[in-house]
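Counting starts at 1 for both ligands and their atoms, in listed order. Just so we're clear, the structure is a prediction, and the values are computed from it rather than from any experiment.
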Amino acid sequence: MILVTGGAGYIGGVTAELLREQGEEVVILDNLARGHRAAVPPEVPFYEGNIGNRELVRRITKEHSIEACIHFAALAYVGESVAEPARYFHNNVEQGIALLDALMNNGVRRIVFSSTCATYGEPQKVPVSEDHPQQPTNPYGWSKLFMERIMESYDLAYGLKFVALRYFNACGATKDLGEYHEPETHLIPNVLRAALGQIPALSVFGNNYPTPDGTAIRDYVHVSDLADAHIRALAYLRAGGQSDRINLGNGHGYSVMQVVETAREVTGQSIEIKIEPPRAGDPSRLVADAGKAHAVLGWQPAIPELAGILRSDWEWRKQHPSGFVSPE
Ligand SMILES: NC(=O)c1ccc[n+]([C@@H]2O[C@H](COP(=O)([O-])OP(=O)(O)OC[C@H]3O[C@@H](n4cnc5c(N)ncnc54)[C@H](O)[C@@H]3O)[C@@H](O)[C@H]2O)c1
């Protein structure tokens, strides 16, 4: 049985869905701070609680013979982490340590961990490979880097085996599950909310970057491809693989204006934009070197092109215009 923390959230929900499609049994632990109860199918064992609740984690590992944990649960807004660092360090690090301890004390030593390209900070060279220096520019990025370092020490001392997957920008949807956050800070959900008329215009933060059209370039990776990589990382650990850190991205970048243009094509809507000042700490270009994911996990994105990513989210969002409804 696999424990999926944060499985009522976006990427955790899609990964739990794919695990079940592949015949795995999953248990979900989520405090619903940012997730949706309706995103968890009724037949999946669900515990509403904190990852930092050691007694609850002990009980789950015993009741369900947990063999491995895919650990998604975290607070994940960069801006919020700058305003409320204590909350981020308590939630992501302090509770994260409690989770690791409770898992290891109960014999669970395999962890696939949601890390992020935010652990690299301002890129010194692009594409960014795993050996790029890690110098986060915000408390969110630090909270994830601390967890990587803690797991490294736990590996040396206690034999914990982990794969830290450093995602670039997660996006897209499956038939039933998509990205719905309130407030929403990510570009693709917001461009499609503008297409649905739910917001009057899409805010474009900065159009004077040293990029061909002046807007920032990011690497977008479909949530189903992320889910697939987690399952591959689990198989890697089950086969006795050593702890590792692996980027998950498409390896090519798209500018904000390319996303807007493609969204206009996919939706047939005119999508208004509003140019706003650049956000502090937003690099001009952030693109993954994803070669290691291919080499170590045999991973290759199945939906690498932007139009396919946008189409999947658009189809889901039209069916779920005001967020989450229970999967019927
Ligand atoms: N979305 C991205 O582009 C992206 C990029 C890089 C890394 N990540 C990481 O991937 C993971 C999942 O991201 P997401 O976009 O699905 O976010 P999400 O907010 O949709 O999911 C996270 C889930 O964790 C739960 N949670 C948070 N703190 C908890 C706690 N202390 N105890 C129990 N549950 C808790 C929330 O309720 C939520 O359901 C996060 O760790 C995030 O940092 C996301």
Side-chain angles (χ1 to χ4, degrees), residues 3-17 27-40 46-54 56-57 60 69-78 80-81 87-100 102 111-120 128 136 138-148 164-174 177-190 218-227 229-230 245-250 286 288 309 313 323-324:
L3 173 60
V4 179
T5 73
Y10 172 45
I11 309 169
V14 172
T15 304
E17 183 181 56
V27 184
I28 289 176
L29 170 61
D30 196 303
N31 64 9
L32 300 182
R34 298 277 150 90
H36 310 275
R37 181 64 182 91
V40 180
F46 175 75
Y47 292 82
E48 182 175 345
N50 286 321
I51 55 166
N53 183 338
R54 292 165 196 255
L56 177 60
V57 174
I60 295 171
C69 175
I70 309 189
H71 174 31
F72 293 96
L75 296 174
Y77 294 152
V78 167
E80 187 179 69
S81 80
R87 188 171 169 208
Y88 271 67
F89 292 129
H90 284 300
N91 192 78
N92 295 359
V93 184
E94 185 184 356
Q95 290 203 40
I97 294 172
L99 173 73
L100 294 182
I111 301 201
V112 181
F113 174 66
S114 294
S115 191
T116 165
C117 63
T119 62
Y120 295 117
V128 179
N138 53 66
Y140 165 64
W142 278 112
S143 76
K144 292 288 180 175
L145 182 54
F146 288 148
M147 286 304 293
E148 287 196 14
L165 295 173
R166 297 178 185 152
Y167 329 149
F168 283 62
N169 291 59
C171 47
T174 65
L177 297 174
E179 180 167 17
Y180 192 83
H181 295 124
E182 206 56 71
E184 185 55 77
T185 60
H186 292 150
L187 173 63
I188 288 183
N190 278 330
R218 293 290 178 272
D219 184 325
Y220 295 95
V221 56
H222 195 278
V223 65
S224 300
D225 287 323
L226 289 180
H230 287 74
R245 308 109 196 103
I246 299 177
N247 284 343
L248 294 180
N250 270 312
L286 208 42
I309 288 172
D313 187 324
F324 251 90

Tyr140, portion touching ligand 1 at heavy-atom distance under 4.0 Å: side chain
Under-4.0 Å heavy-atom contact with ligand 1, by part of Gln95 that carries it: side chain
Per-atom contacts, ligand 1 versus Ala8 - under 4.0 Å to a heavy atom: 39 (O)
Aromatic ring proximity Tyr10/Tyr180, centre distance under 6.0 Å: no
Minimum side-chain heavy-atom gap Arg37-Glu48 below 4.5 Å: no
Residue Gly9 vicinity, atoms of ligand 1 by number, heavy atom under 4.0 Å: 20 (O), 21 (O), 39 (O)
Close N or O approach (Ala73, ligand 1; < 3.5 Å): no
Gly52 heavy atom under 4.0 Å from ligand 1: no
Side chain to side chain, Arg34 and Glu182, heavy atoms closer than 4.5 Å: no
Backbone or side-chain N or O of Leu75 under 3.5 Å from ligand 1 N or O: no
Minimum side-chain heavy-atom gap Glu94-Phe89 below 4.5 Å: no
Side chain to side chain, Val57 and Leu29, heavy atoms closer than 4.5 Å: yes
Parallel, tilted or perpendicular: rings of Tyr140 and Tyr88 (30°, 60°): perpendicular
Atom 10 (O) of ligand 1 - nearest protein heavy atom and its distance: Tyr167 CE1, 3.2 Å
Location of contacts on His181 toward ligand 1, heavy atoms closer than 4.0 Å: side chain
For atom 34 (N) of ligand 1, closest protein heavy-atom neighbour: Asn31 N, 3.1 Å
Backbone or side-chain N or O of Ala170 under 3.5 Å from ligand 1 N or O: yes
Under 3.5 Å: N/O of Gly12 near N/O of ligand 1: no
Residue portion contacting ligand 1 (non-hydrogen atoms closer than 4.0 Å) for Thr5: neither
Interatomic distance, Asn50 atom CG to Asn91 atom CG [nearest 0.5 angstrom]: 7.0 Å
Euclidean distance, Asn92 CG relative to Arg87 CZ, rounded to 0.5 Å: 10.0 Å
Region of His36 engaging ligand 1 - heavy atom pairs below 4.0 Å: neither
Interfacing atoms of ligand 1 (cut-off 4.0 Å, heavy-atom, Ala76): 42 (C), 43 (O)
Which residue and heavy atom of the protein sit nearest atom 31 (N) of ligand 1, plus the separation: Asn91 OD1, 2.9 Å
From Ile111 atom CD1 to Cys69 atom SG, the distance as rounded to the nearest 0.5 Å: 5.5 Å
Atom 5 (C) of ligand 1: the protein heavy-atom neighbour that sits closest, reported with distance to 0.1 Å: Phe168 O, 3.4 Å
Plane angle bin for Tyr167 and His230 - parallel if under 30°, tilted between 30 and 60°, otherwise perpendicular: perpendicular
Sub-3.5 Å N/O-N/O distance, Gly6 and ligand 1: no
Heavy-atom closest pair, residues Cys171 and Tyr220: SG-CB, 3.6 Å
Residue Thr116 vicinity, atoms of ligand 1 by number, heavy atom under 4.0 Å: 6 (C), 7 (C)
Student check: side-chain heavy atoms of Thr119 and Trp142 closer than 4.5 Å: no
Within-4.5 Å side-chain heavy-atom neighbours: Val112 and Phe72: no
From Asn169 atom CG to Leu286 atom CG, the distance as rounded to the nearest 0.5 Å: 7.0 Å
Part of Ala118 within contact of ligand 1 (heavy atoms, under 4.0 Å): neither
Numbered atoms and elements of ligand 1 in range of Ser115, under 4.0 angstrom, heavy atoms: 6 (C), 7 (C)
Close approach, Arg166 and ligand 1, non-hydrogen under 4.0 angstrom: no
Region of Glu179 engaging ligand 1 - heavy atom pairs below 4.0 Å: neither
Closest protein heavy atom (residue, atom, distance) for atom 39 (O) of ligand 1: Asp30 OD2, 2.6 Å
Nearest non-hydrogen protein atom, atom 22 (C) of ligand 1: Ala74 O, 3.8 Å
Side-chain heavy-atom pair Leu165, Phe113 within 4.5 angstrom cut-off: no
Minimum-distance protein heavy atom relative to atom 12 (C) of ligand 1: Phe72 O, 3.8 Å
Atoms in ligand 1 with a heavy atom of Arg34 nearer than 4.0 Å: 19 (O), 36 (C), 37 (O), 38 (C), 39 (O)
Electrostatic pair Glu148-Arg166, nearest N-O below 4.0 angstrom: yes
Side chains of Met147 and Leu100 in contact at under 4.5 Å (non-hydrogen atoms): yes
Close-contact set for ligand 1 against His186 heavy atoms, below 4.0 Å: 1 (N)
Residue Leu32 vicinity, atoms of ligand 1 by number, heavy atom under 4.0 Å: 37 (O)
Atom 13 (O) of ligand 1 [closest protein heavy-atom partner, distance rounded to 0.1 Å]: Ile11 CD1, 3.8 Å
